[in-house]
Amino acid sequence: MSAQKPTRGSGRLKDSEKRKIVDDSTRRRRFRRMLELLESDNYQEDPHADLVMSKKLPKFDDEPEQRSTRTKKKERTAEYYQNKYRKSFEQMVEEDRIDAEKNGRPSYLEAEARSTDFVARKFCNVCGFFSKYTCVTCGIRYCSIRCMTIHQETRCLKWTA
Amino acid sequence: MKMNETIEFDMVDIKRQRIDNKNHIYGRRYDKPKMKNKSENPEDEFVDESRTVIIDSGAYTIKTELASKNEPMLIPNCIMKAKAERKRLFIGNQIDECRDCSGLFYLLPCERGYITKWEVQKPIWDQVFNKTLCPVNDKHVLMTQPLFNFKNIQDCTDEIFFEEYEISSLYRCNPTDLVALKYGLERGMRRETCLVVDSGYSFTHIVPYINGKKCSNGIRRLQIGGKMLTNHMKDILSYRQYHVMEETYVINQVKEDTCFVSENFQNDLKIASEGASKNHIVRNYILPDFNTIRRGYISDPDRIKDMHENCQVLRLNNERFAVPEILFTPSDIGINSVGIVDCLIDSIKLCPRTYHDALARNIVVVGGNALLPGFKNRLMKELQSRMPAKWVVDITVPEKSTIYAWQGGKSFLKQHGSVEKFVTKKEYDEFGSSGIQRRFNEWKTFQEEESTKEVEMKQISLIDHVNKLNVFSRQEDLVDQVDSIEQKELSQSYVLDGSVTSNKSLSALEEGSTPGLLNLFDDKNAVLTPPPSEKSSEISICSESMSKMKSSQEENLQVKYFFQNEDSEEENPLNLDFI
């Protein structure tokens, strides 16, 4: 925070002066981050990331016998498939779109649910009940002074620093 | 085996001759070569169940087992890493061996329901299909794939299963196909017309089926599934109570144990805001500590003193129903998309109008989210308030909604001709992955169906329509406005056809876009989709109009429409012939 002149007065007002209002693009970014979080597989980092696995050791004891019925030539590692069929999700959606256009069938994108016509209901971010008020700084909803204080002490600050 | 067969067929021959001697009329039936061909190799008609594996491959669990078994195994489709046990991966059902499931790290092969990480999927499949769990080598495999499965994924799947696992034949279809089939059989429909709602881990699909065919243009996808619900629950609980962001495994159990779909959201929210005496929604959930408590549970309020001293308690109040509410109103968490109910209605609207009420009457909900208590009632309540009052909305939620598709696979194998759908190893070797995929992906848009129907209706002269006008009163809620494109198509097809008999009607038809003719067609629709409440009158109406038809061809058509509309609960032989 920038340096403030030492003045007398209400602490709450002083606080609110300190806060800058979060602009639209930051709010959008926050929303995108929330969506990513909802789609994410894990929140934490890989707990084994720092482990160096010994590649010489077989991972499963029963592997050699179980697989011996198969011809050795046909056995392929996961990396083989990963490299051969490595394509990002977006790439595949695009290919599907082109193929659908060619064959006159509906594509993956067309099946997406349409956007809603209604205004969203508003919920308090803190306690989950209906809310009446909006945080001036960041636009998140809260329902009472109690929730407002909690919000300002926790989440709101995250986006203003 | 062969010996037996030949003997059997001799018997048949003898039998045939005997009947021939007795009765010539019956004898003629036996002479039909078709009958003889069918009975020649009865083994080929059905797939050998003990040699067939059904795999319902979901993003969260793989449901797999031999077709001869009654229920599948549920195997988590992920690799997990535990905090406590380093140097070890838990692949699929190996997680049962893990004692401390706190802070599990997931490696999921799917991204938004489609396999993208083969380095994860391959070891899981190896674990399940290549070893003792459910070996697939030299077996027939019936496998499911998500709707709109991408070609790249199909190529890789084919390669792995045919070349590495060495299966003898493969058929792939959407899980909803199997659900529709099973539902149809349960309801005694030969060609099912139903709306399948599959609410799974990654997304919720709504798929209409018309006369046993998937209506591809009516498919709707809601990008909300169990994963999102769990993640959202993690997020709000972490903010409000404990930091549980890393406990996906535990919170998923919390969701399964405590969440329900509210039938009256506003009311329930009000109850949740009340004090403890009036609030019957609030629950205390004992979290597992993986020491004395293996799995969390809802604490009994009467026995609160018996609880363990140090256990952690999660207080669940409005979270219990606010989390599943996202399925119905995604805008609650800022996702700008319609809820599941609007998706359902959109999907019905995209189908030909003739089938609208039949679809509304046959809704089947499957998938993990269907297990949430209250799901069916909420859906029913909202749908009924949104549909014409005369329509009967009926929703079926199977008890075991997660394995319903797998069970549908069993029914699929029992169908005649299902064996022909399988692609053998030989065919794969010959045509390659791209060559065989056409047999797995059926696309049928039902707009065409409607246009062909119009062509068929052309042959009926205008006088018939006028007659019908007198017979039927206009039914307001069935007669929607025909959109302008449809109008144009109508008028054009009439002029082009030229099979219209009288000059008078032709001139009337050329003015196809005039409201007069449109009304006529609306009335036609009213004939074709009578509301189920007027069943008795409908039958008499149809027979009356049928008698007015001149040519036999037209009569056939009319009968066909009639029976398609009918939810063919009564087994009618006519029905089978015409469709």
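Worth knowing before you read on, the calculation uses all heavy atoms, side chains too, and leaves out hydrogens, waters and symmetry mates. Quick note on labels: first sequence line is chain A, next is B, and so on, each numbered from 1.
Taking the six-membered ring for Trp and thresholds of 30 and 60 degrees, B:W125 and B:F161 have ring planes more than 60 degrees apart, a perpendicular arrangement. Note on ring orientation: taking the six-membered ring where Trp is involved, the planes of A:F89 and B:F150 are perpendicular (angle over 60°, cut-offs 30° and 60°). A tilted orientation is assigned to the rings of A:Y133 and A:Y142, their planes being inclined by 30° to 60°.
Counting all heavy atoms, side chain and backbone alike, B:P123 lies closest to B:I91 at O-CG2, 3.9 Å. Between B:Q94 and B:L89, the shortest heavy-atom distance links the atoms OE1-O, 3.5 Å.
In this structure, the portions of B:A272 lying under 4.5 Å from any heavy atom of chain A include both its backbone and its side chain. Only the side chain of B:T248 comes within contact range of chain A, with heavy atoms under 4.5 Å apart. Heavy atoms of B:I335 lying under 4.5 Å from chain A belong to its backbone as well as its side chain. Using a 4.5 Å cut-off between heavy atoms, B:I333 contacts chain A through both its backbone and its side chain. Contact of A:S107 with chain B is made through the backbone alone, with heavy-atom distances under 4.5 Å. Of the atoms belonging to B:D332, heavy atoms from both backbone and side chain fall under 4.5 Å from chain A. Residue A:Q91: no heavy atom, backbone or side chain, is found under 4.5 Å from chain B. For a residue to count as touching a neighbouring chain, one of its non-hydrogen atoms must lie under 4.5 Å from one of that chain's; by this rule A:L35 touches chain B with the side chain only. Both the backbone and the side chain of B:K117 come within contact range of chain A, with heavy atoms under 4.5 Å apart. For chain A, no part of B:K151 is nearby; none of its heavy atoms comes within less than 4.5 Å. Heavy atoms closer than 4.5 Å to chain A are found in the side chain of B:E325, but not in its backbone. The contact between A:V93 and chain B is made by backbone and side chain atoms together, counting heavy-atom distances below 4.5 Å. Proximity to chain B (any heavy atom under 4.5 Å) is shown, for A:N125, by both the backbone and the side chain. Of the atoms belonging to B:R220, heavy atoms from both backbone and side chain fall under 4.5 Å from chain A. Interface remark: A:R114 contributes backbone and side-chain atoms alike to the contact with chain B (heavy atom separation under 4.5 Å). With a threshold of 4.5 angstrom between heavy atoms, A:F123 approaches chain B through side-chain atoms but not through N, CA, C or O. Neither the backbone nor the side chain of B:I124 has a heavy atom closer than 4.5 Å to any heavy atom of chain A. For B:D235, the parts sitting under 4.5 Å from any heavy atom of chain A are the backbone and the side chain alike. In this structure, chain B has a heavy atom under 4.5 Å from the side chain of A:N42, while its backbone stays farther away. Of the atoms belonging to B:L104, it is backbone heavy atoms, and not side-chain ones, that fall under 4.5 Å from chain A. The parts of B:C156 that come within reach of chain A are both its backbone and its side chain, each placing non-hydrogen atoms under 4.5 angstrom from that chain.
In this structure a side-chain-to-backbone donor-acceptor pair under 3.5 Å is missing from B:R240 to B:R315.
For the residue pair A:R121/B:T329, the side-chain donor-acceptor check at 3.5 Å is satisfied. B:S433 and B:Q437 form a side-chain donor-acceptor contact under 3.5 Å, judged by distance and modelled atom types alone. Under 3.5 Å, the side chains of A:D96 and B:Y114 contain no donor-acceptor pair of N or O atoms. B:E164 and A:Y80 share no donor-acceptor pair across their side chains, judged by distance under 3.5 Å alone.
In summary, the aromatic rings of B:F265 and B:F328 are positioned with their centroids too far apart to meet the 6.0 Å limit.
Of the residues considered (B:S337, B:S331, B:G103), B:S337 shows the highest number of contacts with chain A, using heavy-atom pairs under 4.5 Å. For the set A:E95, A:K84, A:E79, the entry with the most heavy-atom pairs within less than 4.5 Å of chain B is A:K84. Ranked by heavy-atom pairs under 4.5 Å with chain B, the first of A:G128, A:S88, A:A120 is A:G128. Heavy-atom pairs under 4.5 Å with chain A were tallied for B:Q121, B:K83, B:R112; the largest tally goes to B:R112. The greatest number of non-hydrogen atom pairs below 4.5 Å with chain A, out of B:N336, B:L269, B:N152, is found for B:N152. Counting heavy-atom pairs closer than 4.5 Å to chain B, the top-ranked of the candidates A:Y85, A:F129, A:Y43 is A:Y85.
Ion pairing between a basic and an acidic side chain is recognised when a charged N comes within 4.0 Å of a carboxylate O; A:E94 and A:R97 show such pairing. In summary, B:E274 and B:K270 do not engage in a salt bridge, as defined by a charged side-chain N under 4.0 Å from a carboxylate O. With salt bridges taken as basic N to acidic carboxylate O contacts below 4.0 Å, none links B:D155 and A:K87. Salt bridge status for B:R386 with B:D342: present, with a side-chain N to carboxylate O gap under 4.0 Å.
Using a 4.5 Å cut-off on side-chain heavy atoms (C-beta onward), B:L108 and B:V120 make no contact.
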